[in-house]
Amino acid sequence: MLADIDYFYAQVEERDNPLLKGKPVIVCVFSGRTEDSGVVATANYEARKYGVKSGMPIALAKKKLLKADAKFIPMRHDYYKTVSEKVMAVLRDKADAFEQVGIDEAYLDVSLKINGFDDAERLAGMIKEEVMSKERLTLSIGIGPNKVIAKMASDLSKPNGIKAIRPEDVVNVIHPLPVDRLPGVGKKTYDRMVEAGIATVGDLAHFDRAKLVNLFGISLGNYFHNAANGVDDDLVHEKGEQESISRIVTLKEDTNELEGVMESIRPLCEEVADKASKRGLLFRSIGIIAITKDLGIRTRSKSLHVATNDKVILTKVVDELFSKYLEESKVKLRRAGVLVSNFEKKGTGQDVLTRYF
DNA sequence: CTCTGCCTTAC
DNA sequence: CCAGGTAGGCAGAG
């Protein structure tokens, strides 16, 4: 199963404020640069009727909703996180294997506790009821013989639905769909596929596997071929440790000056170092993220010889990386960020003083 | 094989 | 008109 909380952030806001019911609700990330700068995180279905979508500039969403009584609400990420944890606890409890994906989705392997797809549909209904009674939230649940099919089934069931795709129906259900409904096919890949004459999932299924590998690489090429044929042997497994920690901000104004950037960046170095320390992690790679005024993304990074979590070292390396970057680049920066990765668990890595004893 | 930089997806 | 955080793959250079 793939269980997905419907229009999550906006649904939580509706739940907590009945006055919002029936109105377009848009949960926004305001960047603080101007009154309306920022993007839409989630919109409820009322707002979607007007063409409002996740990732859209808030200013554009407001334009589309000029004549509607729409509510624009600032995102409360920490709160949604705690709500998510409660829902996930219910879901995890129902599965033999569990894999959370993002804040509002999870795969549940329930093969061992059900007997056939009818039974799985009953279980999905019980899960939805339990989440409704405990958290007052609706879910959509897709059921299939593997993860890709379960995911596609959940998309077809939204909102507040249950849909099972049985093995014997897989091909008939997915082959007519446009190829970008296959998970992993985004805008860029879709354009390339259309260029190659692939418009539907069925087209993709019948496309030569070797050619797909040529076009998209060995890993993606084989994934596309198998998935389009309803085949996916990816296991449902609990995610491992986090592999990177990053923070990024929008600058007050576009700039090309080191001090202007570092002013905004230094607090982020602190936060990142603190977060690593809190988790008992030492990082060996330090990176910067630069987003130019035309929204292009540049990154620079550097690996250290010895892992650290020292914010002074972090800040100094970040300063050097930005200094070097700003010398090379001409375009002004709109946003800037810090990333650390290549973690070692504190205490298990090499200890310079004691290692040789 | 490692490091680096970039691309792409997705929530 | 434009956030923020994380993952994973690929390619080129060393």
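None of the values given here were measured: they were computed from a predicted structure. In what follows, chains carry the letters A, B, and so on, assigned in the order in which the sequence lines appear, proteins first and then strands, with residues in each chain numbered from 1.
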Taking only side-chain nitrogens and oxygens of A:Lys275, does any of them come within less than 4.0 Å of OP1 or OP2 of C:dT6?
-> yes
Using a cut-off of strictly less than 4.0 Å, decide whether A:Arg33 has a side-chain nitrogen or oxygen near OP1 or OP2 of C:dA3.
-> no
Provide, to the nearest angstrom, the distance between the CD atom belonging to A:Glu243 and the P atom belonging to C:dG9.
-> 10 Å
Check ion pair A:Glu13-A:Lys71 (N to O, under 4.0 angstrom) = no
Across the strands shown, which category fits A:Lys64 at heavy-atom distances under 4.0 angstrom: base, sugar-phosphate, nothing?
-> nothing
So what does A:Val185 hit on the nucleic acid, given a heavy-atom distance under 4.0 Å: a base, only sugar-phosphate, or nothing?
-> sugar-phosphate
Would you kindly give the CD1-to-P distance between A:Ile297 and C:dC2, to the nearest whole Å?
-> 16 Å
Answer yes when A:Lys311 and A:Asp274 have at least one side-chain N-carboxylate O distance shorter than 4.0 Å, and no when they do not.
-> yes
Euclidean distance, atom CG of residue A:Asp36 to atom C1' of C:dC2 [Å, nearest integer] = 12 Å
Which listed nucleotide (C:dA7, C:dA3, C:dC1) is nearest to the side chain of A:Ser244?
-> C:dA7
Using a cut-off of 4.0 Å on non-hydrogen atoms, how would the nucleic acid contact of A:Ile218 be classed: base, sugar-phosphate, or nothing?
-> sugar-phosphate
Pairwise P distance, C:dT6 and B:dT8 [rounded to whole Å] | 22 Å
Taken to the nearest whole Å, CG/A:Leu268 to P/C:dT6 is 12 Å
Between A:Glu271 and A:Gly38, the residue closer to the 5' end of DNA chain C by nearest nucleotide is A:Gly38
Select base, sugar-phosphate, or nothing to describe what A:Ser285 touches, counting heavy atoms under 4.0 Å on all strands.
-> nothing
What does A:Lys302 touch in the nucleic acid at a heavy-atom separation under 4.0 angstrom: a base, only the sugar-phosphate, or nothing?
-> sugar-phosphate
Does a nitrogen or oxygen in the side chain of A:Thr250 sit under 4.0 Å from OP1 or OP2 of C:dG4?
-> yes
Tell me what A:Arg284 touches on the nucleic acid: a base, only sugar-phosphate, or nothing, going by heavy atoms under 4.0 Å.
-> sugar-phosphate
Would you call A:Arg266 and A:Glu259 a salt bridge, taking side-chain N to carboxylate O under 4.0 Å as the test?
-> yes
Does A:Leu215 offer a backbone N or O that forms a donor-acceptor pair with the side chain of A:Arg192 under 3.5 Å?
-> yes
Side chain of A:Ile245 only, please: which of C:dT6, C:dC10, C:dA3 is the nearest?
-> C:dT6
With heavy atoms under 4.0 Å as the rule, sort A:Lys239 into base, sugar-phosphate or nothing.
-> nothing
Closer to the 5' end of DNA chain C via nearest nucleotide, is it A:Leu220 or A:Val39?
-> A:Val39
Atom-pair distance (CG on A:Asp254; P on C:dC1), nearest Å | 12 Å
Hey, where on DNA chain B does chain A first and last touch, going 5' to 3'? Cut-off is any atom under 4.0 Å from a heavy atom.
-> B:dC3 to B:dC11
What is the distance, rounded to the nearest whole Å, between atom OH of A:Tyr9 and atom P of C:dG4?
-> 13 Å
Do A:Lys151 and A:Glu105 meet the salt-bridge criterion of a basic N to acidic O distance under 4.0 Å?
-> yes
Ignoring hydrogens and geometry, is there a side-chain-to-backbone donor-acceptor pair from A:Arg300 to A:Phe322 under 3.5 Å?
-> no
Check every strand shown and say whether A:Val249 touches a base, only sugar-phosphate, or nothing at a heavy-atom separation below 4.0 Å.
-> sugar-phosphate
A:Asp118 with A:Arg166: basic N within carboxylate O range, under 4.0 Å = yes
Indicate, with a heavy-atom threshold strictly under 4.0 Å, whether A:Ile103 touches base, sugar-phosphate, or nothing.
-> nothing
In whole Å, what is the span from the CE atom of A:Met56 to the P atom of C:dC2?
-> 14 Å
Mind checking whether A:Tyr9 and A:Tyr80 have parallel, tilted or perpendicular rings, split at 30° and 60°?
-> parallel
Could you give the CG-to-C1' distance, from A:Leu339 to C:dT6, as a whole number of Å?
-> 9 Å
Side-chain ion pair, A:Lys316 and A:Glu320, N-O less than 4.0 Å = yes
